[in-house]
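Read through the structure below, which is laid out as structure tokens, and then see the notes.
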There are 4 protein chains.
Amino acid sequence: MASYLHYITFLCDRMNVQLNNSNSKRDAILNSTLILIKEYGFHGTPMSQIAKHANVAAGTIYHYFDSKETLIVELYIRTKDQFAEAILQGYDESKPYKDRFFKFMINQYNFYIQNEPAMVFLEQYINSPFAKNFPEKDSILFKEKVIGFFEDGIAQGYFKNVDPRLLGPTIRGTLVAAANFRLSEHMIYSDEDITEVVQIVWDGIKRQ
Amino acid sequence: MASYLHYITFLCDRMNVQLNNSNSKRDAILNSTLILIKEYGFHGTPMSQIAKHANVAAGTIYHYFDSKETLIVELYIRTKDQFAEAILQGYDESKPYKDRFFKFMINQYNFYIQNEPAMVFLEQYINSPFAKNFPEKDSILFKEKVIGFFEDGIAQGYFKNVDPRLLGPTIRGTLVAAANFRLSEHMIYSDEDITEVVQIVWDGIKRQ
Amino acid sequence: MASYLHYITFLCDRMNVQLNNSNSKRDAILNSTLILIKEYGFHGTPMSQIAKHANVAAGTIYHYFDSKETLIVELYIRTKDQFAEAILQGYDESKPYKDRFFKFMINQYNFYIQNEPAMVFLEQYINSPFAKNFPEKDSILFKEKVIGFFEDGIAQGYFKNVDPRLLGPTIRGTLVAAANFRLSEHMIYSDEDITEVVQIVWDGIKRQ
Amino acid sequence: MASYLHYITFLCDRMNVQLNNSNSKRDAILNSTLILIKEYGFHGTPMSQIAKHANVAAGTIYHYFDSKETLIVELYIRTKDQFAEAILQGYDESKPYKDRFFKFMINQYNFYIQNEPAMVFLEQYINSPFAKNFPEKDSILFKEKVIGFFEDGIAQGYFKNVDPRLLGPTIRGTLVAAANFRLSEHMIYSDEDITEVVQIVWDGIKRQ
DNA sequence: AATGAATGAGTCTTCATTCAT
DNA sequence: GATGAATGAAGACTCATTCAT
């Protein structure tokens, strides 16, 4: 019997490794990449710098990511997922569409303000060759829930009859502009500020 | 003697391309840079490729530009100047402000559609570390005339009371989104299309 | 209790492969190394690939071999030992020397044909810096029995008066060439084929 | 008139560069690669070492060769070409076939002895993955003249009826063995030595 | 004994920039 | 002005090896 227990201890010990401290290094690498890219851009951020910032050896990055390209694409997907989650926070189907829209917008705006590196990274990524080379690499959550929500709005006649693929970037453009402005001015943002910006968006696209 | 002439003919033929009017090489370099950056990004466009595309030796680029950085910054200013000129085309002080605004918007939209590389380049540049490292390097024409026009609009109460520095990016975001969408769909753009997009912008920012 | 047994069953299943007879892992490593080097060469075969192919963890290789260099040298010795054993098969002191020579040659040829990876590996090894850096690392069996046999032939006047160290590579060269040719042509090799090749060797070196 | 001469001077100066010291660097790189690979093997010879040995910057190698692989393959072709030229030296169609064969063999043997790095490199190359990956990359001169000569010998009945593709490696194997032996013994090689070795080859393959 | 995540020195390669012509 | 061969610093990536478990 003792030998069985010995086995269990031994073997489970081996499996524990894979189940506890999990992805801490992988996450550290992604976090460092985000911060450094925001500051120095894709090109300006060598792998060695990412490794140093993440307190990891250069080679370690390649245990988790096939290449720098892969690392950046995966960071994009992770960031967009987090973005989608932030937008969906407090979503309440029972509220009127316009309320839900404002909630969405405010969440999005707040995410930008509170996660400047994420916003800067997303904007850089969208305007980089990556976005064109890997159009299929994207957040599923965002596609289904966020874009889906706007498609509903169009289908139900809340918006001008614009293509949803046009609507998304339009909204993004405005909110990014607003967030960037607020951040560069180092202003404290009040709820009124936010609402004012969202109002611009809403006034632009709502069915008059 | 005949052989000398033969040489001259042969060799000068080879040089002909390179001996015509003044700034042709400088322009060729800028044009090639624009096209290649649109396609491959800053990082993906080595100087050697620019030289080849511009039918120029690698070293020649350094007669006209101090460094790659300088080249890109100067390309940015030139492109933004051309952008401003396009926007100001047909400007008529005597028209009502709203008409002039629509004219501005339509010009901007058309410039994007007709100069995709310029649009892509400008968007990339704005979201790159360059923009933050050289904030003073920008088109004077654009600053004075285009931004000035919007500042007038705010001062005269046509727009919501938003900061002009917020207004610009907001408008840009929407028009870029629209242009990108039209371009990616390979659609013929009608005047109605354009007006519809401009209407979104106008509805968003006009004093209600 | 049942769950413990479940665990044991599950986990030991996974380990079964690795817990059977003694040197199985060491052998698996050597076998994998042979196959992979034949295909990709020394340089093209990383330790990680050997580990994967041998169903073993990367670190495990270092329980059995000090370094990659050691692994390859030991593989060379093992292979040469197997080679010598194959050559000596059916050796019968009572037969005439020429008959024994032909038996040797046919055995050698058959070993090559039936163990292509071994042949390719041996040829690669002999022409690599290893052979020069570790001249003392070699098969004792081969040295004593196989080379000894040829030395006898010279001493007893069966061969031209060539140095035995010249004889060996000469014979090897011819048989390797023949084996490679047969293998590359995917031909079925008949006894007549083999004998014909051995005859070339014999005619070359026999005292006329 | 003076201006014409000025042009000629100027322009021809420019072309001179490409016609005088020509390929000296390219050749230096190839020579260094040969020597270093002989000593340390493909893997053991980094590009940086080749550059240093050739008195050239690391990057310069890439002006002449696309990659390390290309460099090695081109070195192989150049070396095999030189090999073929050496073998064909003093070729005299009017002599009897056997005499020409001996001339060929002696030339080949002498080439090996006088160009040990070339011999070692060729043997390494033939037994490396390169040879299998780029079977079409080979010396045309060698294929047509040297292999052609042996094909003639078979067609005209001088040799045993063996496939020419078998004949070549057989001969090579013997001569390489002999050359290696002589070199490793640091012996002065006499004409008798050479003839003795060639006699082994000839006795092996000649129609009895 | 066995694992495989982690390491970091070392490799190939790129590319902005220089300079002799 | 123009050339393009040459440079060499810097980057992405590999892989033999180690070590905590």
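We name chains A, B, ... by the order of the sequence lines, and we start the count at 1 in each one.
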Pairing annotation in dot-bracket form, given for DNA chain E with Watson-Crick or G-U pairs under 3.5 Å and | for cross-strand partners = .||||||||||||||||||||
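Checked against E:dC12, F:dT3, E:dT17, the side chain of D:M47 finds its nearest nucleotide in E:dC12. Here F:dA2 is the nucleotide among F:dA2, F:dA6, F:dA12 with the atom lying nearest to any side-chain atom of B:T60. Comparing atom distances between the C:A57 side chain and each of E:dG4, F:dT7, F:dT3 picks out E:dG4 as nearest. Residue D:Y62 places its side chain closer to E:dT14 than to any other of E:dT7, E:dT14, F:dT3. Among the nucleotides E:dT14, E:dT11, F:dA2, the one closest to the side chain of D:P46 is E:dT11.
Applying the salt bridge (Lys or Arg N to Asp or Glu O under 4.0 Å) criterion to D:D66, with sequence neighbours excluded, gives no partner residue.
Atom CG of D:N23 is separated from atom P of F:dA5 by 11 Å (rounded to the nearest Å). Per the geometry, CD1 belonging to B:I61 stands 9 Å off P belonging to E:dA16, to the nearest Å. Rounding to whole angstrom units, OH of residue A:Y40 and C1' of F:dG11 are separated by 17 Å. Rounded to an integer number of Å, the gap from CG of A:N55 to C1' of E:dG8 is 15 Å. The CZ-C1' distance, from C:F42 to F:dC15, rounds to 17 Å in whole Å. What separates CD1 of A:I50 from P of E:dG8 is a distance of 17 Å, to the nearest Å. Between the CD atom of A:Q49 and the P atom of F:dG11 there is a distance of 9 Å, rounded to whole Å. Remark: C1' of F:dG4 and CZ of D:R26 are 17 Å apart, rounded to the nearest angstrom.
You'll find the side chain of A:R78 reaches within 4.5 Å of the side chain of A:N31, heavy atoms only. Within the 4.5 Å cutoff, the side chain of C:M47 has heavy atoms near those of the C:Y62 side chain.
Under the 3.5 Å distance criterion, the side-chain polar atoms of B:T60 are left unmatched by any main-chain donor or acceptor of B:V56.
Within the structure, every side-chain polar atom (N or O) of D:K25 is placed at least 4.0 Å from both OP1 and OP2 of F:dA5. Side-chain N/O atoms of C:K52 include none lying less than 4.0 angstrom from OP1 or OP2 on F:dC15. Taking 4.0 angstrom as the limit, A:Y64 places a side-chain polar atom (N or O) nearer than this to OP1 or OP2 of E:dA6.
Pairing each heavy atom of C:H53 with each of C:I35, the nearest pair is CE1-CD1, 4.2 Å.
Note: C:Y125 and C:F42 have perpendicular aromatic rings, judged against thresholds of 30 and 60 degrees for the angle between ring planes. Ring pair D:H43/C:H43 is parallel by interplanar angle, where below 30° counts as parallel and above 60° as perpendicular.
A salt bridge is defined here as a Lys NZ or Arg NE, NH1 or NH2 lying under 4.0 Å from an Asp or Glu carboxylate O, and C:E74 with C:R26 meets this definition.
For D:H63 against F:dA5, a side-chain-to-base donor-acceptor contact under 3.5 Å is absent.
Both B:A58 and C:A58 lie close to DNA chain E; mapped to their nearest nucleotides by heavy-atom distance, the more 5′-ward contact belongs to C:A58.
To the nearest 0.5 Å, atoms CG (C:L75) and OG1 (C:T33) are separated by 6.0 Å.
With ring centers used as reference points, D:Y76 lies 6.0 Å or more from D:F134.
The stretch residues 67-77 of chain A touches DNA chain F through A:S67, A:K68, each having a heavy atom under 4.0 angstrom from the strand.
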